[in-house]
Asks: 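Let me begin by handing over the structure; questions about it come next.
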Amino acid sequence: MRGWAIAVHGGAGVDPCLPAVRQEEARRVLSRCLKKGAAALQAGLTAVDVVEMVVRELETDPVFNSGRGSALTRRGTVEMEASIMDGRGRRCGAVSGLSTVKNPVSLARLVMDRSPHSYLVFDGAEEFAREQGVEMVDNSYFITEENVGMLKLAKEANSIMFDYRVPIPGVDSCSASAGLMGATAEGGLQMNGLPISMYAPETVGCVVVDNNGWCAAATSTGGLMNKMSGRIGDSPLIGSGTYACDVCAVSCTGEGEAIIRSTLARDVAALMEYKGLSLQEAVDYAIKERLDEGKAGLIAVSRNGEVAYGFNTVGMFRGSATQDGFMEVGIW
């Protein structure tokens, strides 16, 4: 046993032209969440408590695509989804189609702890939230001015590919972005005088192993910009976007449809359980062999206190910390 470990992510697929100020914003949020999670683990909180707490923090900050700051549907509304899984007994809870629940990950936790089910969606999930007395807000709370502008651009481009796209080989991303959107500015694309990226930050997630060797994972997202109302991605699907057992915990991010087809999170655990691979070997194999042409990334921890990550996109917002004092935040 190496002690506790924690990893967080803020989405896979990063615009190479992402302005430095946006990169620093992302690093700041990830660092704050890592420190908060590390302090909680040091104080003896369980893995499942820590992943919920950290993802709540990420949902509250509009830098990433979850909770406040979520991507918008083609109707201009927010439909959020989240899941949580406790490796002890493989208990899990998930929700989709939320429009007024302030912290979707906490409702997922309540589904796991206080309902006879594992997954609730749309009106049923919102009704359960009201019954449980969770904090509710108007849908407008989640909508940011930047995302309203991003939705407009997505509609003009007739595209939903704004979350995890990688540049076309041989094409300069900055020039292509400006050409597509019809707007150029020094240092990249701008909207309302503010720098933006057509490769927007995406899903958030956290994985933890605590001092007892118990693993847990949680994932939360607003989904795709300009998505059809009713679309559900990988984030709330246990085994696809989120998985935890007595061996490891995994949270995925990226092209949801590809992650769903590959049951990516469960595959990492299965490779460890059935093929005897190490955590990093399992992560590398899953990213290389299971995604076909899909683009995605993931973070993982093992019960032995190991941390691993992998992605086949240009970058992934990520960070990790361990009991021995190691801490890092990376993008590229």
Side-chain angles (χ1 to χ4, degrees), residues 7 9-16 64-66 70-71 73-74 79-83 85 92 94 96-97 119 154 157-169 173 197-205 207 217-228 230-244 248-272 277 279-300 308-318 331-332:
H9 72 72
V14 185
D15 184 357
F64 295 114
N65 175 14
S66 65
S70 285
T73 69
R74 62 175 57 174
E79 292 180 3
M80 301 166 292
E81 48 198 28
S83 62
M85 190 165 189
C92 59
S96 285
Y119 193 3
N158 192 29
S159 172
I160 60 172
M161 305 303 185
F162 280 72
D163 280 14
Y164 47 77
R165 293 299 86 189
V166 296
I168 300 171
S173 172
S197 167
M198 66 177 292
Y199 306 99
E202 209 227 17
T203 301
V204 304
V207 292
T219 312
S220 180
T221 190
L224 299 175
M225 185 68 71
N226 199 29
K227 67 182 180 181
M228 294 175 62
R231 182 262 185 184
I232 294 174
D234 67 286
S235 297
L237 301 185
I238 300 302
S240 291
T242 304
Y243 192 74
C248 66
V250 183
S251 176
C252 301
T253 171
E255 189 174 348
E257 282 67 18
I259 294 171
I260 291 169
R261 293 194 301 270
S262 64
T263 57
L264 193 62
R266 170 59 190 155
D267 254 21
V268 172
L271 287 163
M272 296 178 71
L277 299 188
L279 181 68
Q280 189 65 62
E281 288 172 338
V283 168
D284 291 343
Y285 186 94
I287 293 294
K288 182 179 180 181
E289 303 293 340
R290 295 305 192 204
L291 284 169
D292 300 319
E293 296 182 357
K295 300 298 179 182
L298 63 86
I299 55 172
Y309 65 86
F311 54 93
N312 63 1
T313 56
V314 173
M316 179 172 73
F317 296 98
R318 65 193 185 277
I331 299 177
W332 311 110

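Nothing here was measured: the structure is a model prediction, and the numbers come from that model.
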Asks: Looking at residues at least two apart in the chain, or sitting in another chain, which of them share a side-chain hydrogen bond (donor to acceptor under 3.5 Å, both in side chains) with Arg290?
Replies: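 By the side-chain hydrogen bond (donor to acceptor under 3.5 Å, both in side chains) rule, Arg290 matches Asp267.
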
Asks: For residues Phe311 and Ile287, determine if any side-chain heavy atom of one lies less than 4.5 Å from a side-chain heavy atom of the other.
Replies: no

Asks: For Ile259 and Gly254, which heavy atoms make the closest approach, and how far apart are they?
Replies: CD1-N, 3.9 Å

Asks: Is the backbone N or O of Gly223 less than 3.5 Å from a side-chain atom of Glu81, with the two atoms forming a donor-acceptor pair by type?
Replies: no

Asks: Side chains of Thr221 and Ser235 only: does a donor on one sit below 3.5 Å from an acceptor on the other?
Replies: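 Side chains of Thr221 and Ser235: no pair found under 3.5 Å.
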
Asks: At their closest point, which heavy atom of Pro236 faces which heavy atom of Ser96, and how far apart are they?
Replies: CG-OG, 3.3 Å

Asks: Considering residues at least two apart in sequence or located in another chain, which fulfil the side chain to side chain contact (heavy atoms under 4.5 Å, CB included) criterion with Ser66?
Replies: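 So Ser66 forms a side chain to side chain contact (heavy atoms under 4.5 Å, CB included) with Glu59, Val204, Ser220.
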
Asks: Under the side chain to side chain contact (heavy atoms under 4.5 Å, CB included) rule, collect the residues that match up with Ile260, sequence neighbours excluded.
Replies: Asp234, Leu237, Ser240

Asks: Would you say the side chain of Ile238 lies within less than 4.5 Å of the side chain of Tyr243, judging by non-hydrogen atoms?
Replies: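 Yes, their side chains come closer than 4.5 Å.
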
Asks: Which heavy atom of Ala217 sits nearest to which heavy atom of Val207, and what is that distance?
Replies: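 Taking every non-hydrogen atom into account, CB-CG1, 3.8 Å.
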
Asks: Quick one: does Arg74's side chain have a donor or acceptor within less than 3.5 Å of a partner on Met225's backbone?
Replies: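 Answer holds: no.
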
Asks: Test of understanding: with side chain to side chain contact (heavy atoms under 4.5 Å, CB included), list the residues that count as partners of Thr73, not counting sequence neighbours.
Replies: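 For Thr73 the side chain to side chain contact (heavy atoms under 4.5 Å, CB included) partners, ignoring immediate neighbours, are Arg75, Thr77, Glu79, Lys227.
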
Asks: List the atom of Ala308, the atom of Val283, and the distance in Å for their closest heavy-atom pair.
Replies: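 That closest heavy-atom pairing would be CB-CG2, 4.0 Å.
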
Asks: At what distance, to the nearest 0.5 angstrom, does CG of Leu264 lie from SG of Cys252?
Replies: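 Result: 4.0 Å between the selected atoms.
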
Asks: If we only count heavy atoms from C-beta on, is the Arg231 to Glu257 side-chain gap below 4.5 Å?
Replies: yes

Asks: Could you tell me whether the side chain of Tyr119 reaches within less than 4.5 Å of the side chain of Ile232, counting heavy atoms only?
Replies: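 They are in contact (side-chain heavy atoms under 4.5 Å apart), so the answer is yes.
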
Asks: Okay, side chain of Arg318, backbone of Gly10: is any donor-acceptor separation there less than 3.5 Å?
Replies: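 No.
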
Asks: Examine distances only and state if a side-chain atom of Glu255 and a backbone atom of Lys295 form a donor-acceptor pair shorter than 3.5 Å.
Replies: yes

Asks: How would you list, by chain and number, every residue that makes a side-chain hydrogen bond (donor to acceptor under 3.5 Å, both in side chains) with Ser251, sequence neighbours excluded?
Replies: His9, Thr219

Asks: With sequence neighbours left out, what residues match Glu281 under side chain to side chain contact (heavy atoms under 4.5 Å, CB included)?
Replies: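 Side chain to side chain contact (heavy atoms under 4.5 Å, CB included) check on Glu281 returns Leu277, Ser278.
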
Asks: Which distance, rounded to the nearest 0.5 Å, do you find between the CD of Glu293 and the CG of Leu291?
Replies: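 Rounded to the nearest 0.5 Å, the CD-CG separation comes out at 11.0 Å.
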
Asks: For residues Ala296 and Ala12, report the shortest heavy-atom separation together with the two atoms involved.
Replies: C-CB, 4.1 Å

Asks: Considering all heavy atoms of both residues, which atom of Ser70 and which atom of Asn65 are nearest to each other, and what is their separation?
Replies: CA-OD1, 3.3 Å

Asks: Quick check against the 3.5 Å criterion: does Asp292 have a side-chain atom that pairs as donor or acceptor with the backbone of Ser262?
Replies: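 Judged by distance alone, no pair lies under 3.5 Å.
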
Asks: Nearest 0.5 Å please: distance from the CE atom of Met316 over to the CH2 atom of Trp332.
Replies: 13.0 Å

Asks: How many angstroms lie between atom OG1 of Thr203 and atom CG of Leu298, to the nearest 0.5 angstrom?
Replies: 12.5 Å

